[in-house]
Each structure stands twice: as structure tokens, then as C-alpha cells.
Amino acid sequence: MAQRNLINEFYSLVEVDDYDGHYAKDIKDNSYFGMPLESIVAAEKRLRSAGQRGIAYFSMEYGLATSCYNKLSSQLPLNPKNSLPENAVFSNFRVADYFFVLHPDNIIDMPIYSGGLGVLAGDTVKTMADYKLPAAGIGILWNSGYFRQKFWFKYGQAPEKMRWDPYTYPGLIPLKNRIKISLKPEDVYLRLWKYYVYSHKHDAVVPLVLLDSNVESNSQRAKDLTDQLYRSDNVFLKLLQRVMLGFGGISALSELGYHIDTYHLNEGHAVFAFVAKARGLANDELEKLKKQFVYTCHTPVEAGHDKFSFDDLNKVLKKEDTDIIEKFGKEHSGLANLTLLSMNISSAINAVSHNHQKVMHIQFPKYKDRIQYVTNGVHPYTWVSQKFSELFEKFPETFPDFKNNPMILSRAVELKNNPDFRAQLWQAHQSNKAELCNFLDKWRLDKDAFTICWARRIAAYKRPSLILHDISRLARIAREVGPLQIILAGKAHPNDNLGFTYVNETLDKVDKLNEDYSKFKVIVLENYDISLGKLLTSCVDVWLNNPLPPFEASGTSGMKAILNGVLQMTTVDGWVAEVTDKKMGAFFGYRNSEGSVGNESDLHMNDDSEELYRALETMVSLYYKTNQAGKVNNSSEWIDMMIECICTAARFNTYRMLDQYKKEIWHIS
Ligand SMILES: *Cc1c(COP(=O)(O)O)cnc(C)c1O
């Protein structure tokens with residue numbers, strides 16, 4: 001009886017567009033795709049009740065890691081379109097590349113993200129659910145994802161559309177609700193979808209509302225607006241994707257009856273939300289509205305700041321909308337600058353690391369007093385490996401409450417002289433590494449060989465090819481200091497020609513390698529995504545991060561790695577600038593001088609690769625003193641550093657991050 005009431009209540013709150021009873025198999029009794037339905041009913045009611053300080057979190061992209069964390073289950077068999085694709089490998093063991101592909105048997109992560117910004121947004125909404133906040137995420141249902149990367153030898157990367165089926169993706173439901181966006185020359189209709197992001201304990205949810213222009217009544221042009229994330233080959237496509245998020249998000253919130261007090265804008269992408277709310281308001285009302293908006297800037301890189309001409313804006317937006325943009329977001333050059341607009345309409349502005357704050361102070365001196373910082377973090381329960389989670393639970397005296405309080409990890413230092421912990425830590429790491437070796441079994445990785453990985457979105461400032469800068473030097477290290485296993489992965493934005501060149505250059509260098517494979521392996525993985533990210537950040541020995549300072553706003557993959565005891569080899573940029581006193585591996589490379597941003601295109605490749613190789617020699621040599629052909633030296637400094645990594649992970653997670661957002665940005669208790 002109670003359950004029947006629950007399901008009725010659910011359907012009265014959530015209008016599922018269920019043409020043929022399709023979803024009834026998975027939403028029944030107290031179950032929503034295998035999770036408690038009551039958490040949804042409670043959250044939906046709460047968001048509708050006035051007096052709650054609701055937060056709407058806007059992001060162009062969400063990387064929820066649905067393949068490996070809080071995976072929802074369906075009664076229906078997995079649609080092959082929603083399973084991970086086959087991926088090729090490009091290595092200096094070409095015969096294996098020729099005969100084999102990687103085909104992990106798993107559901108694909110919901111492909112509505114491109115990289116770090118999306119993963120951060122996903123990790124943030126998961127933590128909001130853990131904190132039981134009255135919050136909703138606003139995003140877009142990208143019908144063809146971001147893109148799938150295919151390697152074409154002698155050419156580089158070829159982008160393909162991502163084929164997936166939202167209608168059969170477990171936990172994702174289409175709603176009957178439609179909204180209309182009034183534009184010139186035509187209106188655009190959006191269908192709403194929901195995905196419920198569950199808390200770690202499954203006792204709370206944050207609804208993620210996704211907007212979709214792929215509806216019958218739209219023209220083909222309008223349908224394409226939510227086809228692929230970050231299309232930039234056409235200025236109107238680029239502009240209207242942002243308009244969809246902002247205008248669509250505000251209409252969706254009102255259509256759903258959610259009471260929102262705080263609108264959190266990630267990047268200038270989302271700022272049209274303010275424009276939508278500002279229509280028809282007098283000046284004093286506009287001032288009040290600004291108090292409800294907060295803005296997080298995620299990059300100091302020039303390409304990250306969107307600018308549009310008023311000519312272009314006028315072609316699609318109505319005059320009352322462009323007037324607001326002109327009032328708050330027109331820069332000296334006469335262009336509409338979405339970063340400027342975001343800063344001018346927000347009551348709080350924040351950078352995503354201390355270093356990034358300093359850079360923003362230089363870039364935007366007029367806003368200096370208002371730019372705060374909240375350093376990013378990662379959601380600990382998503383990114384900790386099973387083996388490390390088990391390890392922490394085996395030491396309940398030290399980590400009594402890891403399941404509820406990841407900050408407890410700072411106490412790992414107390415176990416520094418505990419030989420049992422050290423041995424088990426090494427063992428947990430070796431089991432993770434065995435998983436990676438097993439994944440790449442055809443490429444014959446050695447569990448006892450030094451393994452380093454560089455994997456991220458490819459952009460020039462991240463210097464993807466730094467480690468391959470001087471191949472002969474690298475080969476000498478492999479011969480003389482100890483065998484090397486190098487894993488590389490990353491996608492370049494399809495319109496980024498320079499990024500494309502990096503992929504090409506990497507494949508070319510690996511192809512020309514003529515070294516003994518047993519001592520020197522370079523493995524380039526196709527189609528870097530969250531499932532690879534999860535595997536790589538927890539299974540290699542060393543995580544390599546070599547952006548050109550100060551252009552990495554934060555970076556988060558290294559935070560995933562330290563949570564799993566993976567050492568760092570990194571330049572001092574982003575979050576890393578906050579941990580230079582920690583012994584977690586090796587810091588190297590160019591440092592920008594205080595008070596100056598420097599030049600984004602002067603990449604310091606010669607000096608910094610030299611420093612990288614020197615750091616590598618030290619690390620490789622220490623590694624083989626620690627792992628002596630499979631026999632571990634338990635008192636090695638390497639294990640001290642693994643412990644220091646875990647201690648540091650206590651700070652660089654989304655729990656600390658959300659505590660700060662609550663107190664310093666949203667002002668909620
Ligand atoms: C964590 C993650 C990122 C962000 O990491 P960076 O350090 O900023 O490069 C990007 N892509 C994927 C798939 C990730 O898992």
C-alpha cells in the first residue's frame with residue numbers, strides 16, 4: 001500500500017513520457033532502476049517547496065562516471081548502442097595493434113561530457129546529493145555525445161559521432177514537459193529529460209535536468225543544436241548552444257516548479273540564464289537578481305573566453321535580450337564578452353585554485369577584490385579504487401569513518417611506520433596494476449616495470465608530447481636506468497588544428513621507435529574517456545602532468561591518482577602549486593614569475609623536457625630499488641611518498657570543496 005502511494009506520488013511529480021509502458025519495468029514498487037524511489041520523491045517535493053534555499057547548478061557538460069559509480073540497473077538487456085565501443089591501440093608493438101582491439105564489456109558513460117569541466121560538474125552534483133542539498137543540475141542531452149576518437153595511421157585522429165541511445169540508457173527518462181525558446185527567426189522547442197544522481201548511501205538524489213532540441217516540431221537546424229557538445233565550426237551553432245543552456249535552463253526550472261535561490265554558472269557558457277531572468281526588470285530589481293547569481297571561471301586560456309559580435313547576437317536574439325548583454329557584457333572592442341558579462345552579473349566570482357586566482361587577478365585587475373578561489377576536488381567514492389577502499393577499511397582504528405568522511409585520510413601519516421600497512425598498501429597497488437596489465441594483456445605489460453601515464457584532453461598548453469620530445473634520451477633511460485612503460489591517451493577538439501598535430505606527431509614518433517620492446521614500451525590508447533580515466537589514474541605507478549604554468553586552472557586527474565597512492569611527476573601549476581611542500585614524487589619545469597602570466601605559445605619544450613628526463617631518472621631508479629623483480633623493499637621512500645599522496649587526497653576532494661562553496665560562495669549553512 002505504502003509502495004503504491006510512493007509510485008503514484010512519483011508519477012504525480014515526474015511526468016515520464018512513457019509511450020508504451022517502457023519505463024514501468026524499471027520504475028516500480030520502491031525501485032528506480034534498482035535504487036530507492038523514495039529518495040526521488042523526497043527530493044522532488046523539497047525542490048518545489050518555498051523556503052528551501054534551492055541551488056541550480058548550470059554546466060554545458062556532465063561526466064557522471066555512470067559506468068563505474070552508482071551504476072543503475074535495468075530489467076531490459078543492455079542496448080549494444082550503449083555499450084563501450086571497441087578501441088584500437090597504437091604502440092611500438094605494432095603486431096599486437098594489428099591483431100587486437102580493446103573491448104571492455106561495460107555500459108558507456110553517459111556521453112554528455114568532454115573532459116575536466118564535465119567530470120568536475122559530475123563530481124559536484126554527486127557530492128551535493130551526498131550532502132542532501134536541495135539542488136538541481138542543468139545540462140544538455142548531447143544526442144551524438146562529444147565525439148569518438150579514431151586513430152588513422154599517418155593521419156592522426158578522425159572524429160566520429162558517438163552513437164548512443166538515450167531512450168534505453170538506465171536511469172535516464174524523457175519527460176512529457178516541453179519548453180519553448182523564443183528566438184529569431186524561429187522558436188526552438190526543447191524536450192526535458194531527467195537523470196537522478198544518487199548519493200553515496202542512496203538516501204538522497206539531485207535531479208539532473210537535461211535539455212534536448214531533437215524534437216519533431218523543430219527544424220533540422222534547431223534539432224542539431226543539441227547534437228554534439230562544443231561544436232564551434234559555425235558561430236551561430238556555438239552561440240545557440242549557450243543560449244539553449246541559459247534560456248532553456250531557466251524555462252525548465254519554472255516548468256518543473258523548482259524554487260531556486262542561487263544560480264551557479266560554470267563558465268560564461270551559462271550566462272544567458274541571467275539574461276532570461278533579467279527581462280523586464282527595473283534597475284533596483286536587477287541589483288537584487290545579481291545577488292542570486294554566482295560564477296565560477298575554469299580556465300585562464302584565451303580560447304576559453306567566449307566573445308560574440310552584436311551583429312551576430314542581433315540575428316538570433318530579441319532586442320530586450322541583447323540590451324541586457326550590452327548593458328553588462330560589452331567590452332572595449334565592442335564585442336559581447338561572456339566572461340565579463342558573467343563577472344558583472346554575479347555576486348560571487350571564483351577561480352578554481354589559488355594559482356588560478358592569482359592569474360585572474362592579473363587578467364581582470366578591475367575585479368581583483370571580488371575574485372575568490374575554491375580549489376577543485378574529486379568525488380572520493382567515484383575515484384577511489386575498490387582495492388584502496390578495502391585497504392582503508394582494513395585499518396578502522398585510523399580511518400574509522402572513511403565511508404562518510406574522506407577527510408579522515410589525512411591520518412594515513414600515522415601509519416607511516418606500520419610495516420603491515422605499508423605491505424598492504426603496496427599489495428593493493430600491485431593488484432590495481434595487475435588489472436591494467438590484464439586489460440592490456442596482448443601488449444605484454446609487466447607488473448613489475450615502471451609505468452607512467454599521461455592522459456588528458458589534448459591542448460597545446462598541456463604539452464602532450466613533452467615526454468616524447470627527445471626519444472633517444474628516453475630510450476637511454478630505459479636501457480641504462482630501467483625498463484619504461486609509457487601510456488598516453490587524449491582527444492583533441494575536432495576544430496583544434498594544433499591539437500590534431502599533436503596526435504599525429506605522437507603516432508608518428510611511436511611508429512618510428514626502434515627499441516627493444518621488452519625494455520621500452522609506448523602505448524597510445526584511442527578514445528580517452530572516463531572509464532579509461534578511472535583505470536589509468538588508479539593503476540599506474542606515476543601520473544605525469546606537464547602543463548605550461550600558469551595555464552592549468554586546476555587539473556583534477558592528479559587528485560584521482562593520489563587517492564590511489566599513485567605518485568606525481570608534475571610541473572607546478574593549478575592545484576599542484578598548493579602542495580609543493582609535499583613529497584609525492586617530483587616537481588619539475590618552468591615556473592612563471594609572480595605577477596605575470598607569460599606567453600601561452602612559448603612552450604619551453606627544450607628546457608622542460610630536459611628537466612622531465614632528469615626527474616624521470618630519479619624516479620625510475622628509486623622505483624627499481626623499491627620493486628626488485630617483484631620483491632618489495634618495504635622501507636622504501638617510494639612507499640613513504642605513496643602515503644603522503646593519500647594524506648594529501650584528504651584535502652583535494654569535493655567534500656572539502658563543497659564545504660567551501662557552501663560557506664564562501666552560496667552562503668548556506
Ligand atoms: C578527470 C578527467 C579529466 C580532467 O583531468 P585533468 O587533470 O584536468 O586533465 C579529463 N578527462 C577525463 C576522462 C577525466 O576522467
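One-based numbering, in listed order, for ligands and for the atoms of each. Being a predicted model, the structure only gives us computed values, none of them experimental.
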Item to check | Heavy-atom check, side chain of I487 versus side chain of L445, under 4.5 Å | outcome: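 Of all side-chain heavy-atom pairs linking L445 with I487, at least one is under 4.5 Å.
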
Provide, line by line, the atom pairs where ligand 1 and the protein bring an N/O atom each to a distance under 3.5 Å; else say none.
unit_1	atom_1	unit_2	atom_2	d
ligand 1	5 (O)	S557	N	3.4
ligand 1	7 (O)	R456	NH2	3.0
ligand 1	7 (O)	T556	N	3.1
ligand 1	7 (O)	S557	N	2.9
ligand 1	7 (O)	S557	OG	2.6
ligand 1	9 (O)	R456	NE	3.2
ligand 1	15 (O)	K560	NZ	2.6

Checklist entry - Between H264 and Y57, what is the ring plane arrangement, given parallel below 30°, perpendicular above 60°, and tilted in between? => result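 Taking Y57 first and then H264, their aromatic rings sit tilted (interplane angle of 30° to 60°).
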
Item to check | Plane angle bin for H604 and Y590 - parallel if under 30°, tilted between 30 and 60°, otherwise perpendicular | outcome: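 The arrangement is parallel - the two ring planes meet at less than 30°.
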
Item to check | side chain to side chain contact (heavy atoms under 4.5 Å, CB included) partners for D470, two or more places apart | outcome: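 Applying side chain to side chain contact (heavy atoms under 4.5 Å, CB included) to D470 gives S472, R473, Y613.
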
Next on the checklist: Assess whether a salt bridge exists between E435 and K387, defined as any Lys/Arg side-chain N lying under 4.0 Å from an Asp/Glu carboxylate O.
Outcome noted: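 The answer is no: the pair does not qualify as a salt bridge.
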
Next on the checklist: Do the side chains of D659 and K662 get close enough for a salt bridge, i.e. N-O under 4.0 angstrom?
Outcome noted: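 No salt bridge links D659 with K662.
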
